[in-house]
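No experiment lies behind these values; they were computed from the predicted model shown. Throughout, protein chains are lettered first and strands after them, A, B, ... in sequence-line order, and every chain is numbered starting at 1.
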2 protein chains.
Amino acid sequence: MKIPKPTDAELEILQVLWEHGANTVRFVNEHLNEKKETGYTTTLKLMQIMHGKEMLSRDDRNRTHIFDAAVKEDDIQKELLDKFLDATFRGSASKLVMHALGNSQTSKEELDQIRQLLDQLEGGK
Amino acid sequence: MKIPKPTDAELEILQVLWEHGANTVRFVNEHLNEKKETGYTTTLKLMQIMHGKEMLSRDDRNRTHIFDAAVKEDDIQKELLDKFLDATFRGSASKLVMHALGNSQTSKEELDQIRQLLDQLEGGK
DNA sequence: TTTTTGTTACGAAACATTTCGTAGATATAT
DNA sequence: ATATATCTACGAAATGTTTCGTAACAAAAA
């Protein structure tokens, strides 16, 4: 089964559902509105399209439908990252990593975690 | 001066120019064709649009124009990475880095370089 | 009961991006 | 000199994505 690449607007909706779990259109719409004014029916239409693509599941036993992400966060992140890495960094993961760490404020704990992963990877070299 | 976010097709053209330096439409088009069939005038039109946006410079002293990237690779990568990080990983750089290193085959030299950066970053914590 | 509010469905408009076709000019080959 | 190939310019079609408006119905409030 092929995972379709979500569009920008679809990804925003997936983020809300991944973060907060199954929810209504209204809930999702209100979250989106915190970042950017979005009409209710716009969000509804997108979620219906996503359901059509089997990107979202839907419980329609009650009048107010409950939607949930039907694709795994990790899978989508991996898919998008692969494409982004190629398109933007010509496949150089280290360049991307250097940029990412250079910019952001990442906690000591997270840096340690990355260091552990490095140890693990370099173990085999 | 505002850097406009390049579209996917525009980014592919920038990659060719960043990698190979100033060149003709034909050269760029032939490179793009290695990955995906693209009509000559399609590439031409895109490069004209990009020139209009000041994303490319153009030397039109001769009939065959020579185009070059007018935006810095690092700047565009930073801009795109920031947006990608927010949209896809909700801003968690460490999660992105773990994914990126987990997937790819990165050389020992590159891993060491990343480790150095970690040392440097953790120095201040 | 009647009105108001909230919900889904969905066509169509609006907008963004990519692709193509044609005209006109210049260079190159015959 | 003529034909052929190559190049730019650019409008417009094709495609993809997002937003909006309206209809139909159900629920809740007055």
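- By the salt bridge (charged side-chain N to carboxylate O under 4.0 Å, His left out) test, A:Asp86 pairs with no residue at all, sequence neighbours left out.
- Here the side chain of B:Asn33 pairs a donor or acceptor atom with the backbone of B:Asn29 at under 3.5 angstrom.
- The distance between atom CZ of B:Arg61 and atom P of D:dT8, rounded to the nearest whole Å, is 15 Å.
- Put simply, the side chain of A:Tyr40 does not reach to within 4.5 Å of the side chain of A:Val28, judged on heavy atoms.
- Separating the NZ atom of B:Lys5 from the C1' atom of C:dA16 is a distance of 13 Å, rounded to the nearest angstrom.
- The separation between A:Asp59 atom CG and C:dT7 atom C1' is 15 Å, rounded to whole Å.
- The pair B:Lys72-B:Asp74 does not count as a salt bridge, with every side-chain nitrogen at least 4.0 angstrom from each carboxylate oxygen.
- B:Asp60 has its CG atom 17 Å from the P atom of C:dA25, to the nearest Å.
- Looking at residues 6-17 of chain B, you'll see B:Thr7, B:Asp8, B:Ala9 sit with a heavy atom under 4.0 Å from some atom of DNA chain C.
- For the pair B:Ile49 CD1 and C:dT19 C1', the computed distance is 10 Å after rounding to whole Å.
- A:Ile13 is listed as a side-chain neighbour of A:Met50, based on a closest heavy-atom distance under 4.5 Å.
- Atom P of nucleotide C:dT19 and atom CD of B:Gln48 are separated by 15 Å, given to the nearest angstrom.
- Ring geometry, A:His31 versus A:His20: the interplanar angle falls from 30° to 60°, so the pair is classed tilted.
- Looking at residues 36-46 of chain A, you'll see A:Tyr40, A:Thr41, A:Leu44, A:Lys45 sit with a heavy atom under 4.0 Å from some atom of DNA chain C.
- Here the P atom of nucleotide C:dA16 and the NZ atom of B:Lys53 are 11 Å apart, to the nearest Å.
- Between the NE2 atom of B:His51 and the C1' atom of D:dC7 there is a distance of 16 Å, given to the nearest Å.
- You'll find the side chain of B:Val16 reaches within 4.5 Å of the side chain of B:Phe27, heavy atoms only.
- For A:Arg63 and D:dA24, the shortest distance from a side-chain N or O to OP1 or OP2 is not below 4.0 Å.
- Look at B:Arg26 and you won't find any side-chain N or O under 4.0 angstrom from OP1 or OP2 of D:dT8.
- A salt bridge links A:Glu73 with B:Arg90: the distance from a Lys NZ or Arg NE/NH1/NH2 to an Asp or Glu carboxylate oxygen falls below 4.0 Å.
- A heavy-atom distance below 4.5 Å is found between the side chains of B:Thr43 and B:Leu32.
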